[in-house]
Structures are given as C-alpha cells and as structure tokens.
Amino acid sequence: MKICVIGTGYVGLVAGAGFADMGNDVVCCDVDAQKIDGLKRGVMPIYEPGLDKLVTLNVTEGRLTFTTDVPHGVAGAEVILLAVGTPPGPDGSADLSFILKAAEQVGAALTGWSVVVTKSTVPVGTGDKIEAIIKKVAKHEFAVTSNPEFLKEGDAVADFMKPDRVVVGTDDKRAVETLRALYAPFTRTTDRMLVMDRRSAELTKYAANSMLATRISFMNDLANLCELLGADIELVRRGMGSDARIGPKFLFAGPGFGGSCFPKDLRAAISTGREVGYKLEVLDAVVAVNERQKQRLGEKIITHFGGDLSGKRIAVWGLAFKPGTDDIREAPALVLIDRLLTAGAIVSASDPVAIEAVRKQLGDRIKYDESHYECAQGADALALLTEWNEFRRPSFERLKSIMRHPVLFDGRNVWNPAELRAAGFTYYGIGRGKDV
Ligand code: NAD
C-alpha cells in the first residue's frame, strides 16, 4: 500500500517507519526542510529507543522516503496520515491552524480515492472541518477518518508495533476496510481494531489522556496529604494498586506531569467542554493540582535553605519530561530550574539525551554536564527530576564525597529514604512521611 504521512515528528516518524516496516511504501513529508534534509542524510531529529534502526533499515530497503513536497508525497497514496502538531492556543483550546493547512494541501494534491486519517490529537468535530476543507479543493473522492495515536514517548516504537487497540472513527465502509488491511499485521494475535463514529474516536483520545493524568494528580494530591500525616505514599500506592479494579499503573507521585500531550490535551478537553457550555470539574482540578505540584519541589528546596538560595549550587539530574525521550515540552525540570534561578541559585544539570534541547531554551543560564557526577560536584543539594535508569542506583558514597552538602531531593521517589538517612544524607521525597 502507498502511504503518505504529513508531519514527521514523534508520531509521524514512528508511524511512517512502522508502516514501512510492514512492507508498505511510505513517504514522510514535513515543512521543516532542515529536518527532512537531516533524515535524508540519516540524522534522527528526535531521540526514541529503536527508532534510528527502524528508520535506517526501511530507508535502505527503499520503503521509506522523505520530502518537503506534499503533492509528491500524496500522489498515488491510498492512505494519507495527518500527524502535525496541535499545540495549545492562548486560551487553552487546540490550535488547529497546522492541521487545517495540511488538510488543504492534501486535498488539493489528491490523485485518486484516499482515506485521510487524522492521527493528530484533535477536538471533537475537527474531522468535520477537515472534510469540509478538503471537499472545497479536492478533485477526487475521499474519506476522513479519525485514528488517534496512543503511543507513549520513550517506548513509542514498541507501542506502535504492538498497540493495545486501534481506534478507527468513520462510517465509511471502504475506509474501514482499508485501515483494517493496513493494521492487520500489527494486530495478528487478536483483532484489536475498535470501529466507531468519528466524534467518539476523537473524544476517546482525550478521555484516555485525561484518565491517565487524573491518576497522577490524584496520587500527587494524596502525597501532599501523606507529608502532613506522616504516611508514605509509596506504601499507599502499593496497597491500593494491588486492587485488581484499580491496577498498579500510573500511580506514581512525582513533580507533576509534563510532556507534549497531557498538559495540552487536558486544557483542550476543558476548552471543548466550555465551548458547549459544560464545565469539566474533575479535569479543572487535575490541572490545578498539577500546576501546584510542579512548584512543590522548588518550594521544598527553598524552605530547606531558609528562603534564600543566593550562591547555593543546586544540581539537577534529569531534564526530559520522562525517561527514554529528549522531549522537554512542559517538563517539570524546567519549572524547577526557573524557580531555583529566580531564588538566586547556581544550577548545573545533567541528562543522558536532553541537554541540547534545554541548551537551546536556557542557553548559559545554567551549567550542563554530560557526567552526572560532575554535575553534583560541589553541590549544596541534588534534585532528581527524571528517573533514567542510571540515576536510580548511583554510588551514594561517591555522591557524598563530592557534594558540598549531602542533601537529596528525590522528585521521583526512586531512592530509599531510610538507607540514605542512615548514610548521612538529608532526604526529601514526594509524600514520604514528614520531611526530615
Ligand atoms: P511534533 O511537533 O513532534 O511533529 C509535528 C511535525 O509536523 C513537525 O515536524 C512540523 O514541522 C510538522 N508540520 C507542521 N505543519 C505541517 C504541514 N502543513 N505539512 C507538513 N508538516 C507539517 O508533534 P508530535 O509530538 O509528533 O505530535 C503530533 C500530533 O500527535 C499532536 O496532535 C499530538 O498531540 C499527537 N500525539 C503525540 C504523541 C506524542 O507522544 N508526541 C502521542 C500521541 C499523539
């Protein structure tokens, strides 16, 4: 099958490479000429485990190509995926300018019947808008289908290759059959395609992200209560997560959720409700708890140092919004660093893959260290923000010998408070009983 992907970012590149790997002929398009040039030369625009290998293999075998020329990509394609960004606008609603522009370009370039698939996360009713725009310019029949993407960054290739479910929103039989054929190799063991109307499919994506974010904010709220009551959120988490009705996933307290999806999708869902006169009160609370939580670690650090960080050296381990990615969009580490700098601290930071992305944003306002031990050298405190494997079990003996003061702020609750306190550290976690 010939497939065209519009937007070669986290979703578009993974989907393009994944479909090519199943034998399809895929063209990935992007307006970012630098990105496309890089990809043509084998330079990956993002860090995602396993993606470089998948891309290289399929490029070498001639199934995956890159272009900035949309009409070239669309020509002859039976399936056209829209995977461009839908960032938040000033009022929180999704900015649809990129996807509507892409739809118009695709519509004008159609060379025969195609199914236009919306992979981007879009508010309910966007499929109708895309359809209307294409209808105005297209010379051929087409079907606009919602097919939201559920992959998670850091594990995107694995998620794409083995999806829990494939949601397809359309009432067009030919589109369903085309997508069934496209996804069959990914769902061989059991048929996991859920066909529904387009609006329900669009809403399903927001519902899933909203539920995941709700679990996180719920645990963060409880964690703060734990600190006042002298209870340990880690024990509470295990106790509640072992109930089969609840399940153990997405119950970790931490520095608040970030990334390119949860914050923006929640705001967009709230905005969608507002547009039709409905207040999504649970989601309002989820966002409010998260905003507060992102300030929490900074407040703890400032309080520890008596309200003034002037001249204090704070080391930050982890910049990406989660392990396995170089994505720093809405990362809690950036909120913390900003707070620390405002309070007068000198900040050094380390991350296995996200340093360059942060450097582009913060320049020389902070110091960057490839080695996480160098980052902690001479520090008055160390804060852990992203639980990369290498940060989970460092040599605490070495840390103690190189830090000016052995003070740890464990934003991910990956370290053992009793062990560290016994080793002479001052330890702060998230919701792990009363601090100190
Ligand atoms: P991204 O910013 O990484 O990539 C989007 C790409 O689209 C960019 O390279 C941009 O240059 C390109 N683009 C914009 N307008 C274009 C046009 N007219 N023609 C061609 N290319 C164009 O975004 P992303 O993280 O891949 O997210 C894309 C969509 O998928 C969003 O709606 C997002 O909410 C959704 N989504 C993202 C994830 C994720 O983990 N990142 C997961 C599921 C769904």
Side-chain angles (χ1 to χ4, degrees), residues 4-18 27-39 44-49 51 66-74 80-89 93-109 116-123 126-127 130 133-134 146-160 163-167 201-202 204-210 212-213 257-269 320-322 324-331 357:
C4 172
V5 182
I6 308 287
T8 309
Y10 285 87
V11 169
L13 186 56
V14 171
V27 183
C28 282
C29 304
D30 206 288
V31 283
D32 184 339
Q34 214 180 336
K35 190 181 266 192
I36 293 299
D37 274 353
L39 280 162
M44 281 308 120
I46 53 169
Y47 173 79
E48 191 60 52
L51 184 60
F66 302 99
T67 184
T68 51
D69 182 351
V70 172
H72 165 75
V74 168
I80 299 154
L81 300 159
L82 300 176
V84 302
T86 46
S93 65
D95 175 356
L96 298 179
S97 57
F98 300 99
I99 196 153
L100 297 182
K101 173 95 190 119
E104 191 179 7
Q105 290 171 320
V106 164
V116 179
V117 176
T118 310
K119 269 240 158 277
S120 303
T121 303
V122 294
T126 305
I130 292 174
I133 284 177
I134 299 181
S146 166
N147 170 220
E149 181 51 58
F150 296 98
L151 63 76
K152 55 185 178 303
E153 285 177 27
D155 214 6
V157 172
D159 283 349
F160 189 81
D164 286 342
R165 77 298 209 190
V166 175
V167 170
E202 288 169 335
T204 298
K205 173 65 189 179
Y206 285 102
N209 275 359
S210 297
L212 294 171
F257 56 78
S260 68
C261 292
F262 288 2
K264 94 169 163 63
D265 291 350
L266 260 68
R267 279 182 234 135
F321 85 93
K322 67 168 173 174
T325 180
D326 59 350
D327 198 341
I328 56 160
R329 290 178 278 187
E330 306 221 22

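Heads up: numbering here begins at 1 and tracks the sequence. All values below come from the heavy atoms of this structure, side chains included, with hydrogens, waters and symmetry mates left out. The model shown is predicted, which means the values in this text are computed figures rather than measured ones. Counting convention: from 1, in listed order, for ligands and their atoms alike.
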Which is it for Asp164 and Phe150 under the side-chain contact (heavy atoms from CB on, under 4.5 Å) test, yes or no, and what are the steps along the way?
-> CA-CA 9 Å; Asp164 286 342; Phe150 296 98; over 6 Å; no
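Listed by number with element, the atoms of ligand 1 under 4.0 Å from a non-hydrogen atom of Gly85 are 5 (C). For ligand 1, the atoms lying closer than 4.0 Å to a non-hydrogen atom of Ser260 are 41 (N). Here is the list of ligand 1 atoms found below 4.0 Å of a heavy atom in Ala102: 18 (N). Atoms of ligand 1 lying under 4.0 Å from any heavy atom of Lys35, numbered from 1 in the order shown and given with element: 8 (C), 9 (O). Within ligand 1, counting atoms from 1 as listed, the ones closer than 4.0 Å to a heavy atom of Cys261 are 37 (C), 38 (C), 39 (C), 40 (O), 42 (C). Heavy-atom proximity to Ile6, at under 4.0 Å, picks out these atoms of ligand 1: 19 (N), 20 (C).
In terms of polar-atom proximity, Lys152 is not counted as a contact of ligand 1, lacking any N or O under 3.5 Å from an N or O of the ligand. Close N/O approach between Lys119 and ligand 1 is not found [any backbone or side-chain N/O within under 3.5 Å].
At least one heavy atom of Arg329 sits less than 4.0 Å from an atom of ligand 1.
Contact annotation for Ala83 and ligand 1: only backbone heavy atoms (N, CA, C, O) come within less than 4.0 Å of the ligand.
Exactly one residue among Val11, Leu151, Val84, Ile99 makes a side-chain contact (heavy atoms from CB on, under 4.5 Å) with Lys119. That residue is Val11.
With no hydrogens or angles considered, a side-chain donor-acceptor pair links Ser97 and Asp95 at under 3.5 Å.
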